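Heads up: the structure comes next, in structure tokens.
Indexing begins at 1, ligand by ligand and atom by atom, following the structure's order. Since the structure is predicted, the reported quantities are computational estimates derived from the model, not experimental observations.
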Amino acid sequence: MRPKPPSGTLLAQLDDLPDPGARASDWEGGAVLLVRQGDRVTGWSNLCPHAGLPLALPDGRGLLHKGETLVCPVHGASFELEGGTCTGGPAAGDRLTPIPLVLDNGEVRAA
Ligand code: FES
């Protein structure tokens with residue numbers, strides 16, 4: 001179980017996120033995985049529901065297939081980014097834990 005950031009916690013600068021792409025937050029050793037698709041950023045607990053391992057690689061990068069599907073690097077489960085539902089691989093029936101965000105003046109913060 002990863003901690004959830006308190007409301008207002010700064011998680012990243014928007015310009016520091018790959019677009020499209022995914023990166024773990026600096027907060028709490030990468031507890032939140034941030035996914036950027038243009039001006040849209042979604043946040044997810046950085047734990048795969050399959051085996052409870054990090055969704056981000058050790059260097060903090062997340063794997064975003066074709067800019068729209070998050071892929072777990074451990075066993076390859078894939079997740080859509082509207083509700084975090086698993087769409088393929090060994091986490092079928094599971095979903096990611098969303099972390100609500102707000103974007104404000106180029107900053108990505110917990111809602
Ligand atoms: S830990 Fe993510 S697919 Fe197994």
*Donor-acceptor contact below 3.5 Å, side chain Arg109 vs main chain Gly8*: yes
*Is it true that Lys66 and Glu68 make a salt bridge, defined as a side-chain N closer than 4.0 Å to a carboxylate O?*
no
*Is there a donor-acceptor pair under 3.5 Å between the side chain of Glu28 and the backbone N or O of Gly30?*
no
*Establish, from distance only, whether the side-chain atoms of Ser78 and Thr69 form a donor-acceptor pair under 3.5 Å.*
no
*Could you give the distance from CD (Gln13) to CG (Asn105), rounded to the nearest 0.5 Å?*
10.0 Å
*Using a cut-off of 2.8 Å, how many protein N, O or S atoms lie below it in distance from atom 2 (Fe) of ligand 1?*
2
*State, without any angle test, whether Glu80 and Thr85 hold a side-chain donor-acceptor pair at a distance under 3.5 Å.*
yes
